[in-house]
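Protein chains get the first letters and strands the later ones, always in sequence-line order, with residue 1 at the start of each.
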There are 4 protein chains.
Amino acid sequence: MSAALELISEQGFHKAPMSRIADKAGVGAGTIYLYFESKDMLIKTLYRELENEIMTAIQKGYPESESFRERFIHIWTSLLRYFIANPLHFRYLEQYHNSPYGVSMRRDRILSKTGDSSIFIDLFEEGVSSHTVKDLPIIMLFALAFGPMVFLARDHTLALIKLQDAHIVQAATAYWEAIENK
Amino acid sequence: MSAALELISEQGFHKAPMSRIADKAGVGAGTIYLYFESKDMLIKTLYRELENEIMTAIQKGYPESESFRERFIHIWTSLLRYFIANPLHFRYLEQYHNSPYGVSMRRDRILSKTGDSSIFIDLFEEGVSSHTVKDLPIIMLFALAFGPMVFLARDHTLALIKLQDAHIVQAATAYWEAIENK
Amino acid sequence: MSAALELISEQGFHKAPMSRIADKAGVGAGTIYLYFESKDMLIKTLYRELENEIMTAIQKGYPESESFRERFIHIWTSLLRYFIANPLHFRYLEQYHNSPYGVSMRRDRILSKTGDSSIFIDLFEEGVSSHTVKDLPIIMLFALAFGPMVFLARDHTLALIKLQDAHIVQAATAYWEAIENK
Amino acid sequence: MSAALELISEQGFHKAPMSRIADKAGVGAGTIYLYFESKDMLIKTLYRELENEIMTAIQKGYPESESFRERFIHIWTSLLRYFIANPLHFRYLEQYHNSPYGVSMRRDRILSKTGDSSIFIDLFEEGVSSHTVKDLPIIMLFALAFGPMVFLARDHTLALIKLQDAHIVQAATAYWEAIENK
DNA sequence: TATGAATGAGACTTCATTCAT
DNA sequence: AATGAATGAAGTCTCATTCAT
């Protein structure tokens, strides 16, 4: 899986044939099929693995009893810091989302409110009902919150900008002002 | 080109082999090569075509002499409206940006400040130097501005939300508050 | 035909598609088919044309009434000089001989003793029956005579050697000694 | 490789598509690419293989300590006998030399005096410096020596003549007289 | 008579997957 | 359980030839 992660992140799906993944992992090509039914399954399993790791990272130090604002900023900055610290993970997720798997998965999840993203949904619902954030559809809040973050992470990953910690806090604050209900 | 647009937008690059594009266009497979040197060239040419169309759409009704805020909101909403009106175009651009072409092009452009995105860059530079928007690196402002918009457009395209005009204005305003220098 | 000659000589058959030939000739692709039934026919016709030209060149100044040796050396040097003066023609003939056409044509001709090479055959038969040259099968004499010449012409054409007139005469003489009946 | 040898020898490069070679070899089309990077590499590797085999054949029974004449005739007749015994090899080499690969290789080798043909070059240089053969450029001697042999081999291969051993010796002797310094 | 856009068979090559070892 | 050689469908692209204009 880590061989697949490296190859796909760095070169994209179509430059990561199973044979190369096997080579990089130091195993035979057939061996992969003992653990994964198909390339698709490998890709999906790897995706879930990363997702879990990310959720764990976010929950670490989560200020359960602080204000909504604090909790929101914690999540937002944790996520961005995670992506900056793990650029391969970020690039993999991007590749995944921009593929047939990703699109259908995204739709399924959001419509059924399942999956790990439900944490975010819950948070936003609390924010709306407590009039702490603007009264907008959850999905819009979601887009407004994570759109900038993904873009920042991408620019950083591509080395177009070198995000300092100060930038991250600035961005989180700026973004908070966008959704805050004043 | 419109056959390519449809297939690639709806199914992704790797489900759009030249033979299917040709079929959909109602021509022989070889015919495409009379007009495009290679599949790559077809993809790039189509990209530029769409980009031009978008720039035209944005410039229509541009309030040249209005305040910075008005101009900014004009561009932001025009772009989002364009994507909502042309979901295939939007999805095509997304596919393109998430591919080897897109990544290298993006880097080249931003670093060399050429290409159509220079319009945005100019606008932001004006905003920063006139202290109308926060003093952040241009790329961050860019990410903060277009990140949410792309996410909104994506959600709309995937029918996860049906953006009304009211939503668009709300989002533009919310976003303005995020970058505004108060 | 001269467009075909140039392209095929310089780049080989497989880099001389009909479309390029037409372009170089300044006509439409279809126009060629008004004058030649197919690419094969074009190639064959061009071959015959060159062959005729060569036979004409050889016969010019042919010392009809001189000794066998004089006549032989005349033919041999004329031919080599022709190839040196017309490298494109030489390269075309080489390409042709090394192709399905060439091989079958060669066999047909020699077996049926038709075609222009019958001139050479007649000459050699005279030489053998008059005991001027060694008593070897005609085909062997042919090979012994034209093998070196073709090699010399090839080396000259490829710029591996720059044949001076002195060389040509030396070679002709040397070769004469090989077949001469002493 | 032997499937490629047969097809290319008998039908030429362009009637030997990879699919036919694979069929003839009784393997799948992709299998060839496990052993050869490309069709070009297959062709080149096969060429080198044959060349090695030929050099081995020539060196067998080489009369190291005999006179120049003996050594020269040994090489010449060995080569011709090899070609007669292995007509497919001969035809393959011919095809190869008459192709983009062959032409550039030939030029490289002769100019840099590398490759197996250097054996011949050394021999001729000895002959010239010891005044045993005529004082002509090496390339000319080369052409004078191997031109007839190639032609004879070709005629035999095409079944235009059935070379007996006596013929071979006659031809070698005749040729020796052409280059001998008298 | 001339054109040249259109065709589609066929070329080379890649790669997810299988299976005998 | 592990291997990796073999497979062959599918992909991109070329080009001799046709035919409506």
Is there a donor-acceptor pair under 3.5 Å between the side chain of A:Ser9 and the backbone N or O of A:Leu5? yes
Are C:Phe13 and D:His14 side-chain neighbours, meaning at least one heavy-atom pair lies under 4.5 Å? no
B:Tyr47 meets the side-chain contact (heavy atoms from CB on, under 4.5 Å) criterion, sequence neighbours left out, with B:Glu51, B:Tyr92, B:Leu93, B:Tyr96, B:His97, B:Met105, B:Arg109
Any residue in residues 10-19 of chain B with a heavy atom nearer than 4.0 angstrom to DNA chain F? Just list them by number, or reply none. B:Pro17, B:Met18
D:Ile8 vs D:Ile43 side-chain heavy atoms within contact, under 4.5 Å: yes
Please check if the distance between the ring centroids of B:His156 and B:Phe83 is under 6.0 Å. no
Write down the distance between CG (D:Leu42) and P (E:dA11), rounded to a whole number of angstrom. 16 Å
Distance, rounded to the nearest Å, where A:Arg20 contributes CZ and F:dG4 contributes C1': 18 Å
Return the residues of residues 25-41 of chain B meeting this criterion: a heavy atom under 4.0 Å from some atom of DNA chain F. Order them by number, or give none. B:Gly30, B:Tyr33, B:Ser38, B:Lys39
Whole-Å distance, D:Asp23 CG to F:dA6 P, equals 16 Å
Secondary structure of DNA chain F per the Watson-Crick/G-U criterion (both distances under 3.5 Å; [ ] crossing, | other strand, . unpaired) is .||||||||||||||||||||
Quick one: closest heavy-atom pair of B:Tyr82 and B:His89, and the distance? OH-ND1, 2.7 Å
Is it the case that the side chain of B:Arg20 and the backbone of B:Lys15 share a donor-acceptor pair, with hydrogens and angles ignored and the cut-off at 3.5 Å? yes
By side-chain contact (heavy atoms from CB on, under 4.5 Å), B:Glu37 pairs with (sequence neighbours left out) B:Met41
Heavy-atom check, side chain of B:Asn98 versus side chain of B:Glu94, under 4.5 Å: no
Distance check needed: F:dG4 C1' versus A:Lys24 NZ, whole Å only. 20 Å
Non-hydrogen side-chain atoms of B:Phe90 and B:Arg154 separated by less than 4.5 Å: yes
Whole-Å distance separating the CD1 atom of D:Ile21 from the P atom of E:dG10: 17 Å
Taking only residues two or more places apart in sequence or in another chain, which ones pass salt bridge (charged side-chain N to carboxylate O under 4.0 Å, His left out) with B:Glu10? none
